[in-house]
Amino acid sequence: MLSEQIVERLNAVVGAQRVLLDSSDFQRFGVDRTTIWEPNPCAVVLPASIEEVQEVVRLANEWNLAIVPSGGRTGLSGGAVAKDGEIVVAMDRLNQVLDFNPLDRTVRLGAGVITANLQDFATEQGLFYPVDFASTGSSQIGGNIATNAGGINVIRYGMTRDWVMGLKVVNGAGDILELNKGLVKNNTGYDFRHLFIGSEGTLGLICEATIQLTRPPVDPNVLILGVNNFPAILDVLQTFSAQIDLNAFEFFSQAALDKVTAQMGHAKPFDTETPFYALLEFEGSTEAVMDKAMTLFEQTVEQGWVMDGVLSQSLSQAESLWKLREDISETLWHWQPYKNDISVRVSRMPDFLREVDELVASRYSDFEVVWYGHIGDGNLHLNILKPENLSSQDFVARCVPVSSEIGQLLAKYEGSVSAEHGVGLLKKDYLHYSRSPLELELMKQVKKAFDPNGILNPGKLFD
Ligand code: 2HG
Ligand code: ZN
């Protein structure tokens with residue numbers, strides 16, 4: 001419980017209507033998509049300007065209260081969970097597009113702008129914001145930046161990091177920093193912008209961003225291929241990417257397809273059942289492009305890698321085919337899945353796949369395991385489904401040691417324990433499989449420099 005005096009000071013900064021103290025607000029603002037931790041903040045505040053954010057941070061320092069920055073709360077690693085009496089600072093009201101420059105092709109906007117609204121704004125200007133994933137309808141751009149969100153177009157367009165030209169942040173000491181100022185070229189020492197991208201709210205609160213836009217894709221086609229086995233997916237990737245610029249190369253297993261079609265009512269891509277499916281997106285409607293795609297498809301069939309395929313004949317069919325991949329995560333919530341979000345370099349994927357597949361098959365022989373993800377980026381989503389008759393606690397207790405074994409394997413393959421979902425609370429115990437002791441120590445020193453009293457998102461990333 002906050003003292004009356006503190007509530008009054010917060011009221012004076014953001015307005016009494018914008019200081020939420022009800023337990024229903026705590027339930028709503030105190031969690032992300034993870035369901036492991038009980039939300040327990042001491043207040044939720046909704047500032048409307050960077051100055052108000054700054055004031056809240058200064059007050060939090062004065063009272064030694066922790067802050068959890070909050071965006072759309074679509075994260076999967078507990079980065080936005082407030083479970084220990086923190087003040088949640090929600091960015092919802094910083095939701096304005098502030099400026100658009102057609103020559104720079106940049107847009108400056110508040111951190112609380114919903115990702116889909118940024119995408120729509122870009123489209124209205126005849127441009128494109130290419131970072132895309134299933135939760136764009138509720139995630140906010142500030143959260144995307146704080147977690148360096150990836151998604152389905154990374155093979156072509158990179159991660160959120162690649163589109164951030166400038167940031168305005170409030171650090172843990174309550175100072176405002178303007179980072180990179182939208183410049184393309186700026187070799188003036190350490191680029192703090194990139195430290196804040198992916199920092200998960202531990203260094204500062206991202207209040208404003210300048211985002212690069214680009215030309216929209218022309219005539220995107222979607223091809224779904226039924227693939228014979230796990231390693232063959234990579235043969236297919238190599239064959240296509242050698243000759244065609246791919247916007248996406250995703251995969252999912254038969255189990256994922258069965259579940260997404262049953263739960264969502266989507267049609268199967270074709271009748272043939274295959275252990276895996278690859279989804280490719282590429283641009284162009286000319287005969288030359290189509291002929292090339294057809295030739296490559298035939299090659300992959302001749303090699304015995306691919307058994308069937310379907311190519312979209314219209315934009316709406318392309319969108320329907322995408323749903324088979326994009327709706328998997330949402331579908332699987334029904335089984336309270338335990339999630340792994342792991343990556344290795346694509347070149348190491350064949351050997352890694354063999355080993356991780358063996359490990360998972362032996363450790364999880366009695367559980368259903370669903371594989372899918374952005375295999376073109378070397379990123380696998382491994383979802384273990386909870387059997388109905390097992391309690392959540394027992395289920396997690398079974399999964400945790402296996403994650404350590406996967407962590408060891410990732411260390412051997414120089415991979416990552418969190419490819420795109422961030423570390424938050426969920427992955428911090430595994431961080432040492434991907435980052436050296438010296439790196440972890442330096443991370444802590446960096447945090448101290450930006451957040452001397454350790455009030456920003458404590459316990460996230462590391463303790
Ligand atoms: C996706 O690629 C998301 O669909 C979510 O990153 C993955 O829920 C997951 O495991
Ligand atoms: Zn993903």
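Computed from a predicted model, the values in this text were never measured in an experiment. Just follow the structure's listing: the first ligand is 1, and inside any ligand the first atom is 1.
Near His374, meaning under 4.0 Å from any of its heavy atoms, are these atoms of ligand 1: 2 (O). Close approach to Asn383 involves these atoms of ligand 1, each under 4.0 Å from a residue heavy atom: 10 (O). Near His421, with a cut-off below 4.0 Å to any heavy atom, the atoms of ligand 1 are 3 (C), 5 (C), 6 (O), 7 (C), 9 (C), 10 (O).
Under the 6.0 Å distance and 45° angle rule, Lys339 counts as a cation-pi partner of Trp333.
Ile244 CD1 to Phe282 CZ: the interatomic distance, rounded to the nearest 0.5 Å, is 5.0 Å.
Ion pair Asp308/Lys268 not flagged as a salt bridge, since none of the NZ, NE, NH1 or NH2 atoms sits closer than 4.0 Å to an Asp/Glu carboxylate oxygen. Ion pair Glu355/Lys412 flagged as a salt bridge, since at least one NZ, NE, NH1 or NH2 atom sits closer than 4.0 Å to an Asp/Glu carboxylate oxygen. Salt-bridge annotation for Glu200 and Lys427: absent, with no side-chain N of the basic residue lying under 4.0 Å from a carboxylate O of the acidic one.
For a distance bound of 2.8 Å, the N, O or S atoms of Glu420 include one lying that close to the Zn ion (ligand 2).
Counting protein heavy atoms only, atom 1 (C) of ligand 1 is closest to Arg325 NH2, 3.4 Å.
Here Tyr372 has side-chain heavy atoms under 4.0 Å from ligand 1, and that is the only part of it that gets that close. With a 4.0 Å heavy-atom cut-off, ligand 1 is reached by no atom of Asp341.
There is no side-chain donor-acceptor pair under 3.5 Å between Glu250 and Tyr277.
At the Zn ion (ligand 2), the vertex angle linking NE2 of His374 with NE2 of His381 is 100° (nearest 10 degrees).
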